[in-house]
Q: 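One structure, pasted below without further comment.
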Amino acid sequence: MPDAERSSIEIKVLLKNLDPTKPSIKHKDRLRRLNKFRNYVTAKPPPEFYDDDYPLMLLGSESPTAMEDEDLSNMTLYGLLRAAGCPSTDHKDSLKRSARPTISLLRYLCLEFEASSSNVNNIMGEMNGFAAALCALNVPQLRTLRLEIHIGKGDNESGSRGGSKDDACHLLALILARHTDTDYETLKPLEVQIFLPESRSQAEFETWLGETASPDVRKAVKDNMALAENGGIGKLGVGFGGGKTAA
């Protein structure tokens with residue numbers, strides 16, 4: 001079968017197995033499926049994807065792809081954003097253990113998939129289909145990631161219910177530096193407070209930016225936040241380091 005057709009099947013199998021409401025799907029099952037999909041996308045050469053599969057991967061059943069397809073509309077597909085921000089049922093202000101490997105996969109897809117070794121995590125470079133689709137989502141959709149928990153409580157422990165701070169900071173920097181309207185072109189800046197309402201989490205992210213992000217990323221984030229505060233908009237590419245590939 002065509003490579004992109006297989007990718008569509010792999011996505012559907014993964015998202016069906018991320019559903020936390022199914023008692024038959026345990027943490028180990030979700031982890032196994034996440035690892036299997038990661039092995040699939042890290043193969044050389046990398047697999048191809050249909051344009052419609054980028055938002056499907058991120059939003060699952062809530063994506064236009066699923067809602068407009070009769071077969072997909074009858075499936076329960078748990079998108080990566082919801083799975084990465086899925087709250088724990090037993091621990092207050094915490095996430096399911098599978099949220100950490102899920103957001104790690106999301107970061108890989110947005111910032112490492114198809115990237116050359118010298119271009120990994122290049123937030124200001126040319127965006128692949130996953131990154132472009134992520135940056136064109138609206139605020140309610142993006143907030144399902146629960147970045148405030150990942151950044152405010154995440155650490156480097158593999159079993160952490162606080163998620164992954166580093167992965168979340170990379171994705172937040174990408175969103176703040178490159179967020180667009182749904183046309184994938186018109187810059188639509190956002191304020192960090194939308195995702196991190198608490199000053200402590202904002203400070204964590206600011207520290208990460210200063211220690212990890214490149215100067216051009218720090219400048220883009222700062223400039224866009226200033227634009228967002230003033231209600232300004234602009235065109236993608238103005239003052240930025242690269243173009244994009246529309247999903």
Side-chain angles (χ1 to χ4, degrees), residues 11 41 49-60 62-65 79-85 102-115 119-148 150-151 164 166-196 205 208-209 212-214 216-229 231-247:
I11 287 175
V41 294
F49 290 88
Y50 292 124
D51 289 350
D52 288 346
D53 282 337
Y54 298 127
L56 177 65
M57 187 70 170
L58 301 181
L59 300 176
E62 298 171 353
S63 68
T65 307
L80 288 191
L81 269 70
R82 287 184 66 199
T102 302
I103 199 172
S104 176
L105 174 61
L106 180 60
R107 173 207 175 164
Y108 175 84
L109 291 174
C110 290
L111 291 171
E112 297 184 42
F113 178 68
E114 296 183 324
N119 207 37
V120 169
N121 292 323
N122 184 358
I123 290 172
M124 301 311 300
E126 182 175 358
M127 291 194 286
N128 65 27
F130 291 108
L134 178 73
C135 288
L137 297 179
N138 61 39
V139 168
Q141 291 167 334
L142 290 170
R143 289 184 68 178
T144 60
L145 267 171
R146 296 180 185 264
L147 293 171
E148 72 278 10
H150 282 283
I151 294 175
S164 173
D166 187 60
D167 290 320
C169 284
H170 272 91
L171 291 171
L172 180 56
L174 173 65
I175 292 166
L176 293 177
R178 308 294 296 272
H179 188 255
T180 69
D181 208 337
T182 54
D183 62 5
Y184 289 82
E185 293 183 0
T186 305
L187 182 65
K188 193 172 183 180
L190 300 173
E191 296 180 77
V192 70
Q193 292 88 343
I194 291 173
F195 306 105
L196 306 177
F205 178 63
W208 180 90
L209 271 180
T212 307
S214 61
D216 57 340
V217 170
R218 293 196 295 270
K219 182 179 187 304
V221 169
K222 180 179 179 180
D223 290 350
N224 283 353
M225 286 176 57
L227 276 173
E229 291 175 3
I233 59 173
K235 282 289 185 181
L236 190 69
V238 178
F240 286 74
K244 50 164 277 303
T245 301

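Quick caveat, the model's predicted, so the values are computed rather than measured. Positions are given from 1 along the sequence.
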Q: Measure the spacing between CD1 of Ile194 and CE of Met225 and express it to the nearest 0.5 Å.
A: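 Interatomic distance, Ile194 CD1 to Met225 CE, rounded to 0.5 Å: 9.5 Å.
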Q: Is it the case that the side chain of Gln141 and the backbone of Asn138 share a donor-acceptor pair, with hydrogens and angles ignored and the cut-off at 3.5 Å?
A: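 Yes, the answer is positive, given that a donor and an acceptor are paired below the 3.5 Å cut-off.
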Q: Would a 4.5 Å heavy-atom cut-off, applied to side chains only, mark Ile11 and Phe49 as touching?
A: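 Sidechains of Phe49 and Ile11: in contact.
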Q: Under the side chain to side chain contact (heavy atoms under 4.5 Å, CB included) rule, what do Ile175 and Leu137 come out as? Steps first, then yes or no, please.
A: CA-CA 9 Å; Ile175 292 166; Leu137 297 179; over 6 Å; no
Q: Between the main-chain N or O of Leu56 and the side-chain N or O of Asp53, is there a donor-acceptor pair closer than 3.5 Å?
A: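 Side chain of Asp53 to backbone of Leu56, a donor-acceptor pair under 3.5 Å: no, none is there.
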Q: Between CG of Asn128 and CG of Leu111, what distance do you get to the nearest 0.5 Å?
A: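 It comes to 8.0 Å.
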Q: How long is the span from the OG1 atom in Thr65 to the CG atom in Asp52, to the nearest 0.5 Å?
A: 4.5 Å
Q: Ignoring hydrogens, what is the shortest heavy-atom contact between Cys135 and Met127? Give both atom names and the distance.
A: SG-SD, 3.9 Å
Q: Leu81 versus Leu134: any side-chain heavy-atom pair under 4.5 Å?
A: yes
Q: So for atom CZ, which belongs to Arg218, do other residues, nucleotides or ligands contribute more than 12 heavy atoms lying within a distance under 6.0 Å?
A: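 Yes, CZ of Arg218 has more than 12 neighbouring heavy atoms, counting only those of other groups under 6.0 Å.
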Q: Thr182: which residues meet the side chain to side chain donor-acceptor pair (under 3.5 Å) condition with it, sequence neighbours left out?
A: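 Scan of Thr182 (side chain to side chain donor-acceptor pair (under 3.5 Å), adjacent residues dropped) gives none.
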Q: So how far is it from Asp181 CG to Leu187 CG, rounded to the nearest 0.5 Å?
A: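 Here the interatomic distance stands at 10.0 Å.
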Q: Assess the pair Phe130 and Tyr108: is the distance between their ring centroids shorter than 6.0 Å?
A: no
Q: Taking salt bridge (charged side-chain N to carboxylate O under 4.0 Å, His left out) as the test, write out the residues that go with Arg82, two or more places apart.
A: Glu62
Q: Report yes if the side chains of Leu106 and Asp167 come closer than 4.5 Å at any heavy-atom pair, otherwise no.
A: no
Q: Tell me whether the rings of His170 and Trp208 are parallel (<30°), tilted (30 to 60°) or perpendicular (>60°).
A: perpendicular
Q: Evaluate side chain to side chain contact (heavy atoms under 4.5 Å, CB included) for His179 paired with Leu142, printing each intermediate quantity in order.
A: CA-CA 11 Å; His179 188 255; Leu142 290 170; 3.9 Å; yes
Q: Please report the shortest heavy-atom distance between Pro55 and Ala133, naming the atom on each side.
A: N-CB, 4.3 Å
Q: CG/Leu145 to CZ/Phe195 distance, rounded to the nearest 0.5 angstrom?
A: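 Between atom CG of Leu145 and atom CZ of Phe195 there are 8.5 Å.
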Q: Check step by step if side chain to side chain contact (heavy atoms under 4.5 Å, CB included) holds for Asn121 and Arg107.
A: CA-CA 9 Å; Asn121 292 323; Arg107 173 207 175 164; 2.9 Å; yes
Q: Would Leu105 and Phe113 count as a side chain to side chain contact (heavy atoms under 4.5 Å, CB included) if you check the C-alpha gap in whole Å, the side-chain angles of each, and the deciding distance to 0.1 Å?
A: CA-CA 10 Å; Leu105 174 61; Phe113 178 68; over 6 Å; no
Q: Nearest heavy-atom pair of Ala83 and Thr102: which atoms, and what distance?
A: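 What the structure gives for the nearest pair is CB-CG2, 3.7 Å.
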Q: Any heavy-atom pair between the side chains of Thr212 and Cys169 that's under 4.5 Å?
A: no
Q: Do you know the tightest heavy-atom contact between Leu196 and Glu148?
A: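 Shortest heavy-atom contact: CD2-CA, 3.6 Å.
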Q: Which heavy atom in Ala228 sits nearest to a heavy atom in Glu191, and how many Å separate them?
A: CB-CG, 3.6 Å
Q: Between Val192 and Val221, is any pair of side-chain heavy atoms under 4.5 Å apart?
A: no
Q: Using every non-hydrogen atom in the two residues, find where Ser63 and Gly60 come nearest and quote the distance to one decimal.
A: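 Reported closest heavy-atom pair: OG-O, 2.8 Å.
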Q: Run the side chain to side chain donor-acceptor pair (under 3.5 Å) test against Ser104 and tell me which residues pass, sequence neighbours left out.
A: Arg38
Q: Within this structure, what is the CD1-CG distance for the pair Ile123 and Asp216, rounded to the nearest 0.5 Å?
A: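 With rounding to 0.5 Å, CD1 (Ile123) is 8.5 Å from CG (Asp216).
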